[in-house]
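Some notes on the structure that comes next.
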Amino acid sequence: MGHKLPRRTRERVRAVDVLYEAHARGWDTPEGIFSLAQIRQDETTAQTALPAYAIDILEGVAQHLERIDAALTTYSKAWPLHRMPEVDLAIMRVATWEILFNPDVEGAVAITAAMQIAEERSTDESPKFINGLLGAINDMKDALSKTEAEQALSGEASAKLESSMPQSFDTAAKTAAAGGVLEQIDLDTLE
């Protein structure tokens, strides 16, 4: 990979490389990612040390891995995570962390960077798939990035409104909130 990518995107690539390595080693857990990030700070396979932003990404992905994977699973529809190309999964984990948990990065910037990395590292179809999936996550950013405390407060507020909602909508809303991430609601089935 040449230097045609912007510096920050090259730093994302380094994080993608470490996430891909963690997956290949079976260290695809928060602890495994943290451990490999620590190792790669001291022992790198690249010519330069792991950049600070790549470390921030890796620590953020490790910290929020469960919620990142839940968002990816929810919006990937028929593609479970284990069926996705491993490099695509690593790219999307980086971008999803940036979209949901890094307020310094605009969602559109994270998506564009992910597509650039996919164009260089993955299949011809990957950028389109990644764009669609990350676009859906970006559209739901506010709901998906709520902290657990905010989700609990939101649950209390919805319980107060529960009695005023029609039963069919209430049932759909409870289903959508299950698991801490919103799921697609089929509006045709609502009464």
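Bear in mind that the values here come from a model prediction, so they are computed numbers and not experimental data.
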Checklist entry - Is there a side-chain contact between R121 and D17, using heavy atoms and a 4.5 Å cut-off? => result yes
Checklist entry - Between I39 and W27, does a side chain to side chain contact (heavy atoms under 4.5 Å, CB included) hold up when you go through it step by step? => result CA-CA 13 Å; I39 292 168; W27 294 8; 3.9 Å; yes
What residues form a salt bridge (charged side-chain N to carboxylate O under 4.0 Å, His left out) with [X], not counting sequence neighbours?
X: R83; result: none
X: R25; result: E21
X: D56; result: none

Heavy-atom closest pair, residues [X] and [Y]:
X: L50; Y: A37; value: CD2-O, 4.1 Å
X: G60; Y: W97; value: CA-NE1, 3.2 Å
X: I99; Y: A110; value: CG1-CB, 3.9 Å
X: L144; Y: A71; value: CD1-CB, 4.3 Å
X: I117; Y: T9; value: CG1-CG2, 3.9 Å
X: T123; Y: P127; value: O-CD, 3.3 Å

Checklist entry - Testing R7, R14, R8 for side-chain hydrogen bond (donor to acceptor under 3.5 Å, both in side chains) with E11, which one passes? => result R7
Item to check | Enclosure of K128 NZ (heavy-atom neighbours >12, cutoff 6.0 Å) | outcome: no
Checklist entry - Counting heavy atoms not belonging to Y20, are there more than 12 under 6.0 Å from its OH? => result no
Rounded to the nearest 0.5 Å, what's the gap from [atom1] on [X] to [atom2] on [Y]? Could you check?
X: I33; Y: Q63; atom1: CD1; atom2: CD; result: 12.0 Å
X: T96; Y: L134; atom1: OG1; atom2: CG; result: 5.0 Å
X: T29; Y: L65; atom1: OG1; atom2: CG; result: 8.0 Å
X: I55; Y: Q41; atom1: CD1; atom2: CD; result: 3.5 Å
X: N138; Y: E98; atom1: CG; atom2: CD; result: 11.5 Å
X: M84; Y: M92; atom1: CE; atom2: CE; result: 4.5 Å

Item to check | side chain to side chain contact (heavy atoms under 4.5 Å, CB included) assessment of L100 paired with R67 | outcome: CA-CA 10 Å; L100 299 180; R67 292 182 61 199; over 6 Å; no
Next on the checklist: Whether K4 and E120 form a salt bridge (side-chain N of Lys/Arg under 4.0 Å from carboxylate O of Asp/Glu) is what I want to check.
Outcome noted: yes
Checklist entry - Below 4.0 angstrom, N of the basic side chain to O of the carboxylate: do D69 and R93 qualify? => result yes
Next on the checklist: Side-chain heavy atoms nearer than 4.5 Å, only ILVMFWY residues, links allowed to pass through others: does that put M140 and I111 together?
Outcome noted: yes
Checklist entry - Cluster question for you: counting only ILVMFWY and a side-chain heavy-atom cut-off of under 4.5 Å, with indirect links fine, are F34 and V18 together? => result no
Item to check | Flag for Y53-N102: side-chain donor and acceptor within less than 3.5 Å | outcome: yes
Checklist entry - Knowing that exactly one of I68, V13, V16 qualifies, which makes a side-chain contact (heavy atoms from CB on, under 4.5 Å) with V94? => result V16
Next on the checklist: Could you walk me through whether L72 and L89 satisfy the side chain to side chain contact (heavy atoms under 4.5 Å, CB included) test, starting with their C-alpha distance in whole Å, then the side-chain angles of each, then the deciding distance to 0.1 Å, before giving a yes or no?
Outcome noted: CA-CA 9 Å; L72 291 170; L89 180 57; 4.0 Å; yes
